[in-house]
Amino acid sequence: SAPVAAEPVQQAVRVSYADLNLQSAAGVQILDSRIAKAVDSVCVSDNTDKLARVIEMHSCRDAKAAEVAVQRAEVLARALGTGQTVASLR
């Protein structure tokens, strides 16, 4: 019989921005860096084929970045800095 592929584990990563001044370019840059690191931590692959692994990771990063884009825009529009979660990636 054929092996059954395991479903990927859904992982949530929270990105805090309470310490950032989102009205400054520097604050937004730090937020974007934190979001990118969170996306990278969620988008991992254990595929043994190097090319397939790279493709999977890039595809995941693109999808997660699109998911977070609306939340990021809302946070920047409010620019509250109250420690709310900017993104919950799954």
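- By the salt bridge (charged side-chain N to carboxylate O under 4.0 Å, His left out) test, D62 is found to be paired with no residue, residues two or more places apart in sequence or in another chain being considered.
- Within the structure, the disulfide bond (SG atoms under 2.5 Å apart) test picks out the following pairs touching residues 26-58 (sequence neighbours left out): C43-C60.
- Listed by chain and residue number, V70, R78 satisfy the side chain to side chain contact (heavy atoms under 4.5 Å, CB included) test with E74 (two or more places apart in sequence, or in another chain).
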Exercise answer: donor-acceptor pairs, residues 33-42 side-chain atoms, under 3.5 Å, sequence neighbours excluded:
from : atom 1 : to  : atom 2 : distance (Å)
R34  : NH1    : S16 : O      : 2.8
R34  : NH1    : D19 : OD1    : 2.9
R34  : NH2    : D19 : OD1    : 3.4
R34  : NH2    : D19 : OD2    : 2.8
D40  : OD1    : R61 : NE     : 2.8
S41  : OG     : A38 : O      : 2.8

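- Taking the side chain to side chain donor-acceptor pair (under 3.5 Å) definition, one finds that N21 meets it with nothing, sequence neighbours left out.
- With sequence neighbours left out, D49 forms a side chain to side chain contact (heavy atoms under 4.5 Å, CB included) with N47, L51, A52.
- A salt bridge does not link D46 to R53: none of the charged side-chain nitrogens sits closer than 4.0 Å to a carboxylate oxygen.
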Can L76 and L31 be said to form a side-chain contact (heavy atoms from CB on, under 4.5 Å), step by step?
CA-CA 10 Å; L76 292 178; L31 174 65; 3.9 Å; yes
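- The hydrophobic cluster containing I30 also contains V68, counting ILVMFWY residues as joined when their side-chain heavy atoms lie under 4.5 angstrom apart, directly or transitively.
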